[in-house]
> 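Handing you a structure now.
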Amino acid sequence: ANTKLPLNRKSKDELYQLSETFNHLMERIEISMKKQRQFISDASHEFKTSLTIIEGYSSLIRRWGFENIDLRMEALNAVHTESKRMKHITYQLLELAELDHEPKLTLSLFDLVTLCKENIQLLQPLSDKEFILIPTESSIMMEADRPQIKQVLFIIMDNAMKYMNHHTRIFLSQTDSNHCIRIVDDGIGIPAEELPFVFERFYRVDRSRSRQTGGSGLGLAIAKCIVNLHHGTIQITSDRHNGTEVIVTIPKLKTSNPF
Ligand code: ADP
């Protein structure tokens with residue numbers, strides 16, 4: 001339906017201002033509804049794909065699984081992988097819903113260098129490529145929501161692990177006013193025209209490749225929500241075939257400026 005009020009563009013009276021504001025508001029509502037519809041459609045598509053695979057393979061087990069052990073194993077593995085994938089996406093969606101509607105920050109004082117080493121310990125055994133930590137100081141104390149900051153780092157490092165060729169360097173530093181985390185990989189990069197969209201929910205540069213690597217397209221959207229909650233910024237730059245750089249800046253907490 002066309003919700004726009006007809007306007008006499010030359011008129012600058014109060015009614016004109018009012019209708020301008022109304023039209024602007026309606027445009028914003030329409031954009032937000034369009035985004036919501038897209039989000040529901042993307043989420044449904046994700047689940048539909050996994051459910052179709054689970055349905056297909058479970059039918060195979062029912063028909064031939066008792067005679068053919070290889071087929072049974074293949075089908076069970078596929079069912080297992082897709083169930084795990086659906087569980088992961090469900091957790092991510094619940095987390096986004098919480099970040100959207102009831103964002104909570106539990107602040108504590110922690111060492112950013114230790115936190116980063118913990119993530120390396122989690123991820124390094126899963127990869128034959130290397131994470132190299134380059135802190136400017138042996139310890140960098142930070143006051144923020146520790147599990148959330150750990151998750152932001154984990155999301156970026158997990159992406160780097162999927163796409164890097166040889167190594168990913170992690171630079172940790174601080175100034176008087178900010179903490180800065182810079183994660184630089186030497187991987188396949190992201191084409192310039194795709195960069196503006198990577199923080200959107202369910203956006204993946206290469207859907208089929210990213211499905212194989214287990215990506216849902218929700219990681220960077222979650223990271224951005226968390227960084228915003230800390231009043232920080234997250235920027236991504238990339239050179240196709242020459243790697244990707246993600247910079248997270250979190251302002252230091254001032255007692256006069258609580259979160
Ligand atoms: P996913 O769960 O698919 O990794 P993200 O939101 O974390 O979702 O990332 C969105 C998309 O951005 C990914 O699917 C991938 O195509 C691209 N991407 C993110 N980080 C990198 C990187 N370091 N190198 C290359 N592509 C990346």
Side-chain angles (χ1 to χ4, degrees), residues 35 38-39 41-50 53 81-100 116 119-120 122-124 126-134 148-172 181-229 232-248:
K35 274 194 172 168
Q38 184 66 46
F39 176 70
S41 145
D42 287 343
S44 313
H45 183 76
E46 283 301 320
F47 287 121
K48 193 173 151 220
T49 309
S50 290
I53 296 173
T81 305
E82 291 304 321
S83 318
K84 260 176 62 181
R85 187 181 162 75
M86 281 175 66
K87 186 173 156 196
H88 181 60
I89 294 180
T90 307
Y91 278 129
Q92 284 185 313
L93 286 173
L94 286 172
E95 191 166 359
L96 273 170
E98 197 177 313
L99 286 165
D100 280 343
C116 189
N119 271 348
I120 293 178
L122 288 172
L123 287 169
Q124 192 62 80
L126 308 176
S127 173
D128 52 356
K129 295 149 198 167
E130 200 186 357
F131 284 105
I132 305 163
L133 176 60
I134 310 174
Q148 289 192 3
I149 297 295
K150 189 168 178 182
Q151 193 184 0
V152 170
L153 244 88
F154 189 91
I155 289 167
I156 303 167
M157 290 167 68
D158 187 42
N159 279 341
M161 186 175 77
K162 286 182 206 155
Y163 302 110
M164 69 171 138
N165 281 323
H166 306 287
H167 56 255
T168 291
R169 286 168 299 149
I170 305 164
F171 300 85
L172 302 177
I181 302 160
R182 201 154 70 86
I183 300 182
V184 187
D185 69 61
D186 65 349
I188 56 168
I190 302 171
E193 64 276 17
E194 309 263 6
L195 277 176
F197 308 107
V198 290
F199 293 105
E200 285 182 9
R201 296 170 186 198
F202 287 116
Y203 193 85
R204 283 167 293 180
V205 174
D206 180 337
R207 282 194 165 251
S208 57
R209 183 191 68 196
S210 158
R211 195 162 212 290
Q212 279 161 19
T213 52
S216 62
L218 291 172
L220 287 176
I222 293 176
K224 193 174 172 76
C225 279
I226 295 175
V227 170
N228 284 347
L229 205 57
T233 58
I234 177 165
Q235 291 165 309
I236 184 158
T237 50
S238 185
D239 207 357
R240 194 59 164 154
H241 308 303
N242 279 321
T244 301
E245 173 171 347
V246 186
I247 303 179
V248 176

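Ligands are counted one by one from 1 in listed order, and the atoms in each one are counted from 1 as well. Computation of the quantities below employed the complete heavy-atom set of this structure, encompassing side-chain atoms and omitting hydrogens, waters and symmetry-equivalent molecules. Predicted model, so just to flag it, every value in this text is computed and none were measured.
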> What do you reckon, does Ile236 have a nitrogen or oxygen under 3.5 Å from a nitrogen or oxygen of ligand 1?
no
> Any idea which part of Ile190 is under 4.0 Å from ligand 1, heavy-atom wise: side chain, backbone, both or neither?
side chain
> Does any N or O atom in Arg204 lie less than 3.5 angstrom from one in ligand 1, N or O only?
no
> Could you pull out the closest heavy-atom pair between Pro191 and Val205, with the gap in Å?
CD-CG1, 3.9 Å
> Can you find an N/O atom of Ala221 closer than 3.5 Å to an N/O atom of ligand 1?
no
> Is it the side chain (CB and beyond), the backbone, both or neither of Phe199 that lies under 4.0 Å from ligand 1, heavy atoms counted?
neither
> Which ligand 1 atoms, with their elements, are less than 4.0 angstrom from a heavy-atom of Gly189?
25 (C)
> Heavy-atom contact under 4.0 Å between Ser216 and ligand 1?
yes
> Is the shortest distance from a heavy atom of Lys162 to ligand 1 less than 4.0 Å?
yes
> May I ask you to check whether Ile188 has an N/O atom sitting below 3.5 Å from an N/O atom of ligand 1?
no
> As an exercise, identify every atom of ligand 1 less than 4.0 angstrom from a heavy atom of Gly219.
5 (P), 6 (O), 7 (O), 8 (O)
> Side chain, backbone, both or neither: which part of Thr244 has a heavy atom under 4.0 Å from ligand 1?
side chain
> Within the 4.0 Å heavy-atom shell around Gly215, which atoms of ligand 1 are there?
1 (P), 2 (O), 3 (O)
> Counting only heavy atoms closer than 4.0 Å, does ligand 1 sit against the backbone of Val246, its side chain, both, or neither?
neither
> Please check if any side-chain donor atom of Gln151 sits under 3.5 Å from a side-chain acceptor atom of Glu95, or the reverse.
yes
